[in-house]
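Here the structure comes first, spelled out in structure tokens, and everything after it is commentary.
Because the structure is a prediction, the values reported are computed rather than measured.
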Amino acid sequence: MKLLRLNKKQGYALLMVMAIVGVAALVAASTMQRTYSVAKLNQRSKQFQGSMYAAEAAVEKVYARFRYDYVTGGDAGISNSMAANLYQDMIPTAAENSHWANYQFWNAQGVNNKTYIGLISNKVYQVLDGSYAGLNGWRGVYRVVSNARPLTGTEQVAAGVQQEVAIDTIPAFQYAIFYNGQLEFTQCAPLTVRGRTHANGKICLGAASGNVLRFEGLVTTASSIVYSNMAGYSGFATPVYAGTPSPGYKTGQPTLQLPIGTNNTAAAVREIINPPPAGESITSLMGQQRYYNKASLVLIVSNTTVSLMVKNQGTSSGTITNISYNSASPSLVERTNLVRAFPFLTLTNKFRDYRESKWVMPTEINMGTLKNWLPTNAHVLSYYPAGSGSYPNIMYIDDNRTITNLHAVRVFNAAIVPTNGPSAAQATGFTLATQNPLYVLGHYNLPNNGHAGTTNTTATFPSSLVSDAITILSSSWTDNVYGNGSTALGSRDAANTTVNAAILSGVVYTTGSGVGQWSGGVHNQTRLLEDWGGRTLTLNTSLVNLYNSAQATAQFQNPGNYYNAPTRNFNFDRNFLSQYDLPPGTPMISVISRFKWTTTPINTVTYNGP
């Protein structure tokens, strides 16, 4: 047999071919392995994303119901749903979409078909951030967690999603200006807003020719900012935005609402200044917001009777003192009895409101006399004993007489309001609320006359005025001269006046583009009836509008008709940034929002990573 012999060169060549083939085989195998690994990773990534979206769907389902419960039921609505395991039982179902039949959901604690929800931070008063930077409020945080995995596929990769939900409760008076609807500055005189501004509707901006509108705090709106308004005014100079962050304003922000259990239309929110209807629970969301229920003192004046109820705040019944009094023609005995029972009260004065073109017969409160009466009256002391730490610091007045064109409330001698505290430094202050129009005669809450006309509120007491509409009458006003119905505007010279109080009042909204259909803007929220030319009106305040005026409904008219404009020294009272210096009964506005979102390791509800 003949053997094939290779020479030396041929042997080397064969070895090289075999080596190359081996390397190629290794490369091919490696490539195949790499392709398989990439495909596997892609499949895992695809499954993870599907699981993440499924878990997020579960979280979003809970958030939607959570938000609904808070808007309609407040904190109690959330607590009740949690106690009933309503949120915990919520997951996406095949009945909603057949796609969800492909996933298994669980609550990150080993229980299938459940979602985790827990309160991780009780409501704590704190400095807020984000859109509410610069404000203080109560924030509570809930955590919602869902885990999900596919029921098909080779890997069945799971994912976890965690959403924290913040509930912020912000005192309305922490805003320099807060409007529930459209907010108008158009055609305004020189004005500097020294605090935060917010509107749930449009903000219409622009100073009149030659004037400057300056915002020193952030301006936010749930709608948009325009440089005209419904009244057709346009072509104004751009305001100066000095707030932070730049550019000093934000549009499309969350709507801030009063938690009243219904929509926040003007008509709905206006109920907070009305007496409660029969059968309404005082613990309902609306019941909790009504000033009638918040009040310690409820004064009701009818055609034939005057009654004062002293009660604990947050209750609907108390001790009532009734006095017979025929307002149309009171007898001497009735007048005497009224003075003895309520020495701070007058019901016989009358004056002309030139804007409303009506005669006004007010329920008139001498604030200085009321201040001295409160700590000495036996009924008041039975509910608020000296040294108890509780005080009658909210008074609600309802004048429902039908004797004249317009019934209202007027306060005077109010340089020092009821302090309601063991000392001036610890005063809880005083809030006066009414469903009627309110008139403020002379200085209000100005204990130190040396601070008149300034931003110095170190000596003032927490105070707010809540009403259908508000009119400031200077100390020059007298009913028999200025209010006699015939004294011309040019003869009704005002005096410099200072009001230190938060103001919550209605306005007559802009109704169209014609003359006499404008609201007058926020700078005319405080109505005037005198010639203020060359005089200064100083407000250290928070200007809040939540509803329309329902009793004092005459539309605004330009200066020269029933008033001439003052120099407006309007300032935000920074005392209101402290929870201890807020006026009694301050309305709280709420917003619920997504706080922090993240994916999480599965089977954990305590993840605090990024």
Side-chain angles (χ1 to χ4, degrees), residues 273-276 278 291-293 295-311 316-353 356 358-383 392 394-414 418 430-441 465-469 471 473 478-480 483-485 551-552:
I273 64 169
N274 290 337
Y291 275 93
Y292 181 103
N293 295 333
S296 314
L297 310 167
V298 175
L299 178 66
I300 299 178
V301 180
S302 69
N303 288 343
T304 58
T305 306
V306 178
S307 68
L308 178 69
M309 177 167 60
V310 182
K311 64 183 184 68
S316 57
S317 61
T319 301
I320 300 176
T321 301
N322 285 309
I323 300 295
S324 295
Y325 189 87
N326 183 356
S327 284
S329 181
S331 67
L332 178 59
V333 171
E334 288 175 330
R335 292 186 184 188
T336 301
N337 289 340
L338 184 70
V339 171
R340 286 176 178 172
F342 312 127
F344 53 84
L345 179 62
T346 302
L347 297 174
T348 54
N349 289 329
K350 183 179 179 180
F351 63 91
R352 187 72 171 174
D353 185 316
E356 294 295 318
K358 293 179 179 178
W359 289 101
V360 180
M361 181 180 285
T363 290
E364 195 156 29
I365 306 296
N366 184 323
M367 296 294 283
T369 303
L370 177 64
K371 173 183 178 296
N372 296 328
W373 180 84
L374 286 173
T376 61
N377 179 263
H379 290 325
V380 174
L381 289 172
S382 68
Y383 284 88
I394 302 177
M395 185 176 193
Y396 180 86
I397 302 175
D398 176 13
D399 186 333
N400 55 46
R401 292 177 291 175
T402 56
I403 306 300
T404 61
N405 295 107
L406 184 64
H407 284 281
V409 175
R410 182 165 67 177
V411 294
F412 72 103
N413 188 25
F430 190 75
T431 286
L432 189 143
T434 177
Q435 68 165 334
N436 303 109
L438 175 65
Y439 298 80
V440 178
L441 176 56
L465 299 166
V466 181
S467 60
D468 173 79
T471 302
L473 304 174
T478 58
D479 291 346
N480 61 344
N484 62 12
Q551 295 187 27

Side-chain donor-acceptor pair present, Asp399, Thr434, cut-off under 3.5 Å
no
Please identify which of these residues, Val411, Thr478, Thr471, Leu473, meets the side chain to side chain contact (heavy atoms under 4.5 Å, CB included) condition with Leu441.
Leu473
Go through it in stages, so that I can follow the logic: the residues are Asn484 and Arg352, the test is side chain to side chain contact (heavy atoms under 4.5 Å, CB included), and I'd like the CA-CA distance, side-chain angles, deciding distance and then a yes or no.
CA-CA 6 Å; Asn484 62 12; Arg352 187 72 171 174; over 6 Å; no
Distance (rounded to the nearest 0.5 Å) between Leu308 CG and Ile320 CD1
9.0 Å
Expected output: side-chain His407 to main-chain Met361 donor-acceptor under 3.5 Å:
yes
Considering non-hydrogen atoms only, spot the tightest contact between Arg401 and Ser327 and give its length.
CD-OG, 3.1 Å
Aromatic ring centroids of Tyr291 and Tyr396 under 6.0 Å?
no
Can you name the closest pair of heavy atoms from Phe430 and Pro418 and give their distance?
CB-O, 3.5 Å
Side-chain (Thr305) to main-chain (Ser302) donor-acceptor, under 3.5 angstrom:
no
Would a line drawn from the ring center of Tyr439 to the ring center of Phe412 be shorter than 6.0 Å?
no
Donor-acceptor side-chain pairing of Asp479 and Asn349 below 3.5 angstrom
no
May I ask you to decide if Ala295's main-chain N or O and Lys311's side chain share a donor-acceptor pair within less than 3.5 Å?
yes
Closest non-hydrogen atoms of Pro437 and Ala552, given as atom of the first, atom of the second and distance, are CG-CB, 3.8 Å
Drop me the distance from Ile394's CD1 to Leu432's CG, to the nearest 0.5 angstrom.
10.5 Å
Side-chain contact test, heavy atoms from C-beta onward, threshold under 4.5 Å: evaluate it for Asn400 versus Val301 and give yes or no.
no
Steps toward side chain to side chain contact (heavy atoms under 4.5 Å, CB included) verdict (Thr404, Val360):
CA-CA 7 Å; Thr404 61; Val360 180; over 6 Å; no
Val380 and Val310 have their tightest heavy-atom pair at CA-CG1, 3.9 Å
As an exercise, state the distance from OG1 of Thr348 to OH of Tyr325, rounded to the nearest 0.5 Å.
5.5 Å
Backbone N or O of Ala433 within a donor-acceptor pair of the Tyr292 side chain at under 3.5 Å?
no
Would you sort out whether Val440 and Leu465 count as a side chain to side chain contact (heavy atoms under 4.5 Å, CB included), showing the intermediate values?
CA-CA 9 Å; Val440 178; Leu465 299 166; 3.8 Å; yes
I'd like to know if the side chain of Asn303 reaches the main chain of Thr402, judged simply by a donor and an acceptor atom lying under 3.5 Å from each other, with no hydrogens or angles considered.
yes
Once you round to the nearest 0.5 Å, how far does OG1 of Thr369 lie from CH2 of Trp373?
11.5 Å
Working for side chain to side chain contact (heavy atoms under 4.5 Å, CB included), residues Leu370 and Met395:
CA-CA 11 Å; Leu370 177 64; Met395 185 176 193; 3.8 Å; yes
Between the CG atom in Asp398 and the OG atom in Ser307, the distance rounded to the nearest 0.5 Å is 9.0 Å
At what distance, to the nearest 0.5 angstrom, does CE of Met367 lie from CG of Asn413?
9.5 Å
Check whether the side chains of Gln551 and Asn436 place a donor and an acceptor atom closer than 3.5 Å, and report yes or no.
yes
Which atoms form the tightest heavy-atom contact between Ser467 and Ala469, and what is the distance?
OG-O, 2.8 Å
Tested for side chain to side chain contact (heavy atoms under 4.5 Å, CB included) against Ile397, the lone hit among Leu297, Ile365, Val298 is Ile365
Over all atoms of both residues, closest heavy-atom pair of Glu334 and Ser329:
OE1-O, 4.3 Å
Determine whether the side chains of Asp468 and Gln435 contain a donor N or O and an acceptor N or O closer than 3.5 Å.
no
